[in-house]
Amino acid sequence: MLRFSPAILVIARSSMRVPSSMSPTSAFISFSNNIYSLTRSNQHGEAIRLFAELLSQGISADCYVLPSVVKAAAGLSSLKTGAQVHCLAFVNGHHSDSLLLSSLVHFYLKCDRVMDARKVFDRIPRPNVVACSALLSTYARKGCVVETKELLREAVEMGLELNSVSWNGMIAGFNHSRQFKDSVLMFRDMHSEGFKPDGTSVSSVLPAVGDLEMLPCGVQIHGCVIKQGLSQDNWVVSSLVDMYGKCARPNEMSKVCEELPEMDVGACNALITGLSRTGCVEGALKKFKQFKRQGLNLNVVSWTSMIASCSQNGKDMEALELFREMQMEGIMPNSVTIPCLLPACGNIAALMHGKAAHCFSLKNWISNDVYVGTALIDMYANCGRIHLSRRCFDMMPRRNLVSWNALLGGYAMHGKSKEALEVFDLMQKSGLKPDFISFTSVLSACSQGGLTEEGKFYFDSMSRDYGIEPRLEHYSCMVSILGRAGRLAEAYTMVKQMPMEPDGLIWGPLLSSCRVHHNVVIGEVAARKLFKLEPNNPGNYVLLSNIYASKSMWVEVNSVREMMKSKGLRKNPGCSWIEIKNKVHMLLAGDKSHPQMPEITKKLGELRLEMQKSGYLPHTDFVLQDVEEQDKEEMLSDHSEKLAVTLGLLNTSPGFPLQVIKNLRICGDCHAVIKFISEFEGREIFVRDTNRFHHFKDGVCSCGDLW
DNA sequence: CTAGGGTTAG
């Protein structure tokens, strides 16, 4: 017998709708109608409450009111309620009512009880298409190819007339379970069974075409679109644009759009992502602005796509600007916009902008979203605030592997190897299996912290205990680990024994290690490989020449410089960013264009004097050229990170922490100077270089002078 | 008396 909790009955009684004078029949009709209309208007809870009231009055439910109740239970996804109704129906003898059983099929599907749904379905004396289609699409959605095809066959045997909705459901279902081939096959079968694909069929099947291998299928479907006269259907065009974008066919994208009498937002959004996917952010921006000027109603998706394109393609400042603009246009960012924006803040260490986005998430109740939380962890880590990453992590109500990896990677980047290994341990205790990204972070943490033996242990354990075969990036970490420990011969042996072809990710760290340990022999090997692999990367030439210079091998230094010159290569210009009062400043080495440059130079001069007083000697061997000592010193003073730090000193109040990010590795001299500044000026200074974070405080750096 | 299907942002 159906039982509802006393609380529900109390509520039910308090909202009596039936005057006591009514006869049982009219009372029943009144209840029945009310329940029906409540369910129809999605007031599922009310419907159930009314049903409880009906029962409490001793009126028995018939097979006309029960489907509504089942539907209400499905609407609430309340397995308990629905199952109770199912029992009641059974007890009352309604075991073979088609309508009721169909509604139960939907209910069980809604509650993710596919087996139960199927059991009920099999009891329907004359099942209808709708229930069958629902089962079919659910099977497809779960990736149960065999079950789908079997039921499809049975349905035909039973004489069920499937319609295009049934087919479309299966097609979409297979895409959901990433069974792309089956999705396309279904589309084909549908065609050969004599069903004309409609707009829904096409936009359901097209997401299955995601790469060049599937493109021929996509082109065929496009042909079908033209034949069926669907070329002007907005949804169809959006899917076509998306498909051609994924397959890197920009010309096709615009051609398809031109078919539309008027450009549609969906197609516009697909076009923007398509363009940026094919590496053309400029084009995407141009289109975006053009559509905006034309008065097209751009929505959250449009703005979010544009922000994502920018932050994924090095246009971080533009991403921040777009975020501001969209709000001015009255478009409300959502829980997708924020994780698209945050990487841009992290990339250029725009902490204040990142914090603003964090506040936005809190205010708009989206901070509990896993993607938002994970992006916040990343952003704070990239802005040098690893403790804030941790706080965000701890506050997350739900986490996934990516969230854990973000924290792990953050600790690694900050050289906090102890914390990284702790997190690695905790993530496994929480029941998650580390993946290859987790191991990259673990190994990188070992490398940053100089944990040579631990690094070797985790490297071996990775394939032995976790079944994860080491990839290039793991070997790269091992080279760094051994290289940092000065075990260059061992590192080189490992490179020679690697199962895959070593690339720049391997030879680069080896060459850097040789630079640190002044190893000419292995350094030359690594450099030669690198010159072949990345002939136009000036960094490698500089490193080799530095190795020679450190051994006073000036002839060799000159020959490397000649090589660079003959290839027309110049040292990559050092570039640093610093955020001051919500504005991000970019400083280039040797660039005098910043309006405050005179002040910066003056301040740097003063600092240099102070440094000399305290016995500081510049590390001139970091300069490439064999030039006079005086010139060397001047060249050093122009490094962009020094300029950025000085600019920060000039424009913030005493004691305010500074953070700078740099596009190259920090050089030894700048490192020493910033250590000095952190003590002399009493500032915490965060510097992120390409390799890791340096947290300067009281004259000490968190990297322990190893990097 | 009803019931079921689709595109574009992470």
Atom [atom1] of [X] to atom [atom2] of [N]: distance rounded to whole Å?
X: A:F174; N: B:dG6; atom1: CZ; atom2: P; result: 15 Å
X: A:I331; N: B:dT8; atom1: CD1; atom2: P; result: 20 Å
X: A:D198; N: B:dG4; atom1: CG; atom2: C1'; result: 13 Å
X: A:I221; N: B:dT7; atom1: CD1; atom2: P; result: 14 Å
X: A:H176; N: B:dT7; atom1: NE2; atom2: P; result: 11 Å
X: A:N313; N: B:dG10; atom1: CG; atom2: P; result: 12 Å
X: A:N163; N: B:dG4; atom1: CG; atom2: C1'; result: 8 Å
X: A:N299; N: B:dT7; atom1: CG; atom2: C1'; result: 12 Å

Which part of the nucleic acid does [X] contact within heavy-atom distance under 4.0 Å: base, sugar-phosphate only, or nothing?
X: A:T200; answer: base
X: A:A134; answer: nothing
X: A:G199; answer: base
X: A:S204; answer: sugar-phosphate
X: A:S239; answer: sugar-phosphate
X: A:N175; answer: nothing
X: A:D233; answer: base

Any heavy-atom pair between the side chains of [Y] and [X] that's under 4.5 Å?
X: A:L50; Y: A:L38; answer: yes
X: A:V336; Y: A:C340; answer: yes
X: A:F360; Y: A:T337; answer: no

Check: [Y] main-chain N/O paired with [X] side-chain donor or acceptor under 3.5 Å:
X: A:D378; Y: A:A381; result: no
X: A:R399; Y: A:W404; result: no
X: A:N175; Y: A:S204; result: yes
X: A:D211; Y: A:E213; result: yes
X: A:S183; Y: A:Q179; result: no

Ring centroid separation [X] to [Y] under 6.0 Å:
X: A:H222; Y: A:Y244; result: yes
X: A:H86; Y: A:Y108; result: yes
X: A:F288; Y: A:W303; result: yes

In residues 258-273 of chain A, what residues come within less than 4.0 Å of DNA chain B, judged by heavy atoms?
A:G266, A:N269, A:T273
Nucleic acid contacts of residues 334-347 of chain A, taken as heavy-atom distances under 4.0 Å to DNA chain B
A:N334, A:S335, A:V336, A:P339, A:C340
Working for salt bridge (charged side-chain N to carboxylate O under 4.0 Å, His left out), residues A:E258 and A:K255
CA-CA 5 Å; A:E258 280 160 22; A:K255 233 189 266 172; over 6 Å; no
So if I take every side-chain heavy atom of [X] and compare against [options], which nucleotide ends up nearest?
X: A:S166; options: B:dA9, B:dG10, B:dG4; answer: B:dG4
X: A:V165; options: B:dG10, B:dT7, B:dG4; answer: B:dG4
X: A:D242; options: B:dA9, B:dG6, B:dG10; answer: B:dA9

Could one point to a donor on the side chain of A:S238 or the base of B:dT7 with an acceptor on the other under 3.5 Å away?
yes
Working note: A:E150 + A:R118, criterion salt bridge (charged side-chain N to carboxylate O under 4.0 Å, His left out); need CA distance, chi angles, decisive distance, verdict.
CA-CA 13 Å; A:E150 229 169 59; A:R118 181 61 199 260; 5.8 Å; no
Enumerate the protein-to-nucleotides 1-3 of chain B contacts in which both atoms are nitrogen or oxygen and the separation is below 3.5 Å.
unit_1	atom_1	unit_2	atom_2	d
B:dA3	N1	A:N128	ND2	2.8

